[in-house]
Amino acid sequence: MMSEMIIDTAKKVRQVVLYQMQAIPEELFDIQADSYNNTIRWNIGHMIYWMDTYMTLAFSKDSSIPASYASFFNSGTAPANWANTPPSKEELIQELSIQLNSLSELAPESLEVQLEAPLQFGPLTFNRAGELFNFALVHEGMHLAICNCLLKVIQGKQ
């Protein structure tokens, strides 16, 4: 029952992300506000990149995103260092939607599975798929909040 609720929450969080990101005009996606390291486009792509990574690590799924996303959206990347054109808003929205469908396909019992080996991210250790997946939801919520803050700062400047 708890695993079903976690999956349901993941779907709802992603629906909120989709709804809010669709409402933002693309011309605001690449404005980097003072005191922010990244942009709305980067944060959306970062959510996609890391959800894909978490799903791959937690559930032994193959990556479903373009390989180029790592160079754009992995931790430590920044729009200032992009050498190529990043994915469009439409492409990002499509990837968010595809991942939402993948969340709907998760079996609740898959969250209880022990990882082959504990995963260490900085000071954090994850032993079960559900622990890592739950962290993915917190991570997504953090970046959604950053997008919302960025949008307010950007709109306040116009």
Side-chain angles (χ1 to χ4, degrees), residues 5-59 61-104 106 115 118-126 129-158:
M5 287 190 284
I6 292 170
I7 293 169
D8 188 54
T9 298
K11 293 188 298 189
K12 287 178 177 155
V13 169
R14 181 48 66 93
Q15 288 169 337
V16 170
V17 169
L18 269 162
Y19 176 79
Q20 290 187 4
M21 295 309 108
Q22 286 171 328
I24 300 172
E26 188 164 11
E27 59 266 16
L28 302 181
F29 269 40
D30 297 308
I31 298 172
Q32 187 168 329
D34 295 339
S35 74
Y36 283 84
N37 296 329
N38 287 302
T39 61
I40 291 171
R41 185 181 313 276
W42 183 89
N43 278 278
I44 296 168
H46 185 75
M47 285 186 263
I48 293 165
Y49 173 80
W50 275 103
M51 182 60 79
D52 182 77
T53 300
Y54 293 134
M55 296 281 281
T56 299
L57 292 169
F59 307 112
K61 291 182 174 281
D62 291 333
S63 176
S64 64
I65 60 173
S68 63
Y69 276 44
S71 66
F72 290 116
F73 306 121
N74 196 355
S75 299
T77 61
N81 300 325
W82 290 347
N84 298 309
T85 303
S88 68
K89 174 183 175 178
E90 182 180 328
E91 291 169 299
L92 294 171
I93 296 296
Q94 181 179 356
E95 292 296 338
L96 289 169
S97 298
I98 290 168
Q99 286 182 342
L100 175 58
N101 291 336
S102 293
L103 295 173
S104 297
L106 284 177
L115 300 173
L119 284 174
Q120 190 82 30
F121 286 115
L124 307 174
T125 303
F126 301 96
E131 293 172 5
L132 187 58
F133 185 67
N134 219 7
F135 180 75
L137 302 183
V138 172
H139 180 259
E140 186 143 327
M142 290 169 29
H143 284 280
L144 175 59
I146 291 169
C147 286
N148 289 331
C149 290
L150 263 167
L151 184 60
K152 287 178 184 176
V153 170
I154 292 166
Q155 289 176 327
K157 286 186 165 184
Q158 294 182 335

message: Using every non-hydrogen atom in the two residues, find where Ala10 and Leu103 come nearest and quote the distance to one decimal.
response: O-CD1, 3.8 Å
- prompt: Do Tyr49 and Trp42 have ring centroids that are under 6.0 Å from one another?
  reply: no
From CA spacing to verdict: side-chain contact (heavy atoms from CB on, under 4.5 Å), Thr77, Ser71: CA-CA 7 Å; Thr77 61; Ser71 66; 5.9 Å; no
task: Decide whether Ser88 and Glu91 meet the rule of one side-chain donor and one side-chain acceptor closer than 3.5 Å.
output: yes
message: Taking side chain to side chain contact (heavy atoms under 4.5 Å, CB included) as the criterion, tell me which of His139, Arg41, Glu140 meets it with His46.
response: His139
message: Pair Ile40, Met21 - check side-chain contact (heavy atoms from CB on, under 4.5 Å), show working.
response: CA-CA 9 Å; Ile40 291 171; Met21 295 309 108; 4.3 Å; yes
message: Looking at Asn101, I want to see if its CG is surrounded by more than 12 non-hydrogen atoms of other residues, nucleotides or ligands under 6.0 Å.
response: yes
For Ala129 against Ala58, the heavy-atom pair lying closest together: CB-O, 3.3 Å
query: More than 12 heavy atoms of other residues, nucleotides or ligands under 6.0 Å from CD of Glu90: is that the case?
result: no
- prompt: Would you say the side chains of Thr125 and Gln120 form a donor-acceptor pair under 3.5 Å?
  reply: yes
task: Would you please indicate if the ring centroids of Phe133 and Tyr54 are separated by under 6.0 Å?
output: no
- prompt: Is it the case that Ser75 and Trp50 place a side-chain donor and acceptor less than 3.5 Å from each other?
  reply: yes
- request: I would like to know whether Thr39 and Ile31 meet side-chain contact (heavy atoms from CB on, under 4.5 Å); could you show each step before the answer?
  value: CA-CA 6 Å; Thr39 61; Ile31 298 172; over 6 Å; no
Non-hydrogen atoms of Gln99 and Ile48 that approach each other most closely: NE2-O, 2.9 Å
- request: Verify the distance criterion only: is there a donor paired with an acceptor across the side chains of Gln20 and Asn148 at less than 3.5 Å?
  value: yes
